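What follows is a short report on a single structure.
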Amino acid sequence: MNDTTEGVAPGTGLVIRAASGSCDVSAAGRLWRCDLRGRLTRGPREVQTPVVAGDQVRFSPVDARAEPPTGVVEEVLPRRNRVSRQASRRSGGRVEQVLMANLDQVVVVQSVREPAPQTGFVDRLLVAAERFGVGGVLVLNKADLARPADDPGRWDHYRTLGYTVLRTSVVSGAGLGELAAVLSRRISLLAGASGVGKSSLLNAIDPGLALRIGGITARTGLGRHTTTRTELFPVAGGGWIADSPGIRGFDPWDVDPLELRDFFPDLATAADTCRFRTCLHRDEPGCGVKAAVAAGLLPAWRHEAYLALLRDLEERRDRTGRR
Ligand SMILES: Nc1nc2c(ncn2[C@@H]2O[C@H](COP(=O)(O)OP(=O)(O)OP(=O)(O)O)[C@@H](O)[C@H]2O)c(=O)[nH]1
Ligand SMILES: [Mg+2]
Ligand SMILES: [Zn+2]
């Protein structure tokens, strides 16, 4: 037996950040640099991410006195939930990319402008969260850049669905106290496009983090992918928050086209009046959802977000031959 492991029993810990083949595990107040047992990296081909931030793992110490202490991950404990997307269109929709595991909520961040909100992005992330029973919080950052023409109606609609909606500004300090309160004692993932200010928000709440902040490219108005991997940070007063690299497109993993309706709760009341119980609210006659949109009871953009995602999910099903 290696004498450096003497008296240090195998333990379980929380994965703070993961790379291919290794990860950092927080256990009993220390951060362990761990390799993965080979068999863990040979998982099912359709899973790109055997270990992700938020995973609980069982590991054996290798050198407990090293700085940092080192170990080997023996087992990833079953995930209570996860937020996943299809890895890329190129993979043909066959590969699952897990963004994070075992979380309480996804905090979807968009900015008022620079970059402007991306149509359908919030709707897609909320579907991915609901799919595995994860909560959702919406943050509209860079409120200091808002002009009267920037319509807040869309955001207030999400509030009627029960989501917490915050307007924040790192420049004016608006909404930062509320954001800190929402993160407290919970495990959260900050997700959004590059440049919306995810890392800036975390720095504003906890300056000790000193995360790297990027700029916006003048030519495209887009961010520069300053944060390059998902990483968990402790929240003052308890909880963990993951900063993550900017994402653009988002296709939720493992959502059946026929089940998609269930993840749009605001369509449900109108759907009760559809002529057909199996109505997909597309071309069917007597569709209650289309009638509700025409009557101004349901925003057209929500129906459109649903239809765009439905089309993508059907395309994927046809391509992969899966449900
Ligand atoms: N005006 C204004 N600018 C902000 C605000 N928050 C962040 N920014 C700026 O937006 C740019 C991008 O900020 P980051 O925090 O790096 O954005 P990010 O979402 O972490 O980007 P990635 O790490 O690339 O995904 C920086 O130039 C910030 O100074 C805000 O509330 N108002
Ligand atoms: Mg960042
Ligand atoms: Zn219908």
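Bear in mind that the values here come from a model prediction, so they are computed numbers and not experimental data. Both ligands and their constituent atoms are indexed starting at 1 by order of listing. Numbers here are sequence positions counted from 1.
Of the N and O atoms on the side chains of T49 and Q97, not one donor lies less than 3.5 Å from an acceptor on the other residue. Looking only at atom types and distance, the side chain of E74 has a donor-acceptor partner in the side chain of S60 under 3.5 Å away. Residues D266 and Y306 have side chains that never bring a donor and an acceptor to within less than 3.5 angstrom of each other. Side-chain atoms of T168 and N141 form a donor-acceptor pair, as typed in the model, at a separation below 3.5 Å.
Short contacts between ligand 1 and S200, defined as distances under 4.0 Å to a heavy atom of the residue, involve ligand atoms 6 (N), 7 (C), 13 (O), 14 (P), 15 (O), 28 (C). Of all atoms in ligand 1, listed by their number and element, those nearer than 4.0 Å to a heavy atom of V171 are 1 (N), 2 (C), 31 (O), 32 (N). Each of the following atoms of ligand 1 lies closer than 4.0 Å to a heavy atom of D144: 1 (N), 2 (C), 30 (C), 31 (O), 32 (N). Those atoms of ligand 1 that come under 4.0 Å of a heavy atom in H225, given as number and element, are 24 (O).
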Margin query: Determine whether Q86 and R316 satisfy the following criterion, side chain to side chain contact (heavy atoms under 4.5 Å, CB included), listing intermediate values before the conclusion.
Written below: CA-CA 10 Å; Q86 296 168 39; R316 168 172 184 269; 2.9 Å; yes

Note to self: Apply side chain to side chain contact (heavy atoms under 4.5 Å, CB included) to residues T226 and L211 and explain how you reach the verdict.
What the structure shows: CA-CA 10 Å; T226 306; L211 300 173; over 6 Å; no

Check: Can you list the steps and then say if N203 with D206 is a side chain to side chain contact (heavy atoms under 4.5 Å, CB included)?
Finding: CA-CA 5 Å; N203 280 346; D206 182 355; over 6 Å; no

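For R30, there are no side chain to side chain donor-acceptor pair (under 3.5 Å) partners at least two apart in sequence or on another chain. Among residues two or more places apart in sequence or in another chain, the side chain to side chain donor-acceptor pair (under 3.5 Å) test is passed with D144 by S169.
Atom CG of L183 and atom CH2 of W240 lie 14.0 Å apart (nearest 0.5 Å). Atoms NE2 and CG, on H281 and L260 in that order, are 9.0 Å from each other to the nearest 0.5 Å. Between atom CG of residue D243 and atom OG of residue S188 there is a gap of 12.0 Å, rounded to the nearest 0.5 Å. One distance of note links CG of L161 with CD of E130; it measures 9.0 Å at 0.5 Å rounding.
Residue contacts with ligand 1, taken as heavy atom pairs separated by less than 4.0 Å, do not involve L211 at all. Here N141 has side-chain heavy atoms under 4.0 Å from ligand 1, and that is the only part of it that gets that close. At a 4.0 Å heavy-atom cut-off, ligand 1 does not touch N203 at all.
Summary of contacts: the protein heavy atom closest to atom 17 (O) of ligand 1 is G197 N, 3.2 Å. At the top of the distance list for atom 4 (C) of ligand 1, counting protein heavy atoms only, stands K142 CE, 3.6 Å. Taking atom 11 (C) of ligand 1 as the reference point, the nearest protein heavy-atom neighbour is G214 O, 3.5 Å.
Ion pairing of R80 with D104 is present here, as a side-chain N (NZ or NE/NH1/NH2) and a carboxylate O approach within less than 4.0 Å.
Between R79 and V52 there is a side-chain heavy-atom pair separated by less than 4.5 Å.
Residue S169 places a heavy atom less than 4.0 Å from ligand 1.
Here the protein contributes S199 OG, T227 OG1 as N, O or S atoms under 2.8 Å from the Mg ion (ligand 2). Inspection of the environment of the Zn ion (ligand 3) yields the following protein N, O or S atoms under 2.8 Å: C274 SG, C279 SG, H281 ND1, C287 SG.
On a distance-only criterion, D243 and ligand 1 share no N/O pair closer than 3.5 Å. Note: an N/O pair closer than 3.5 Å links K198 and ligand 1 by distance alone.
The backbone N or O of V182 sits less than 3.5 Å from a side-chain atom of Q105, completing a donor-acceptor pair.
Among L202, V170, L201, L190, the residue whose heavy atom lies nearest to atom 31 (O) of ligand 1 is V170.
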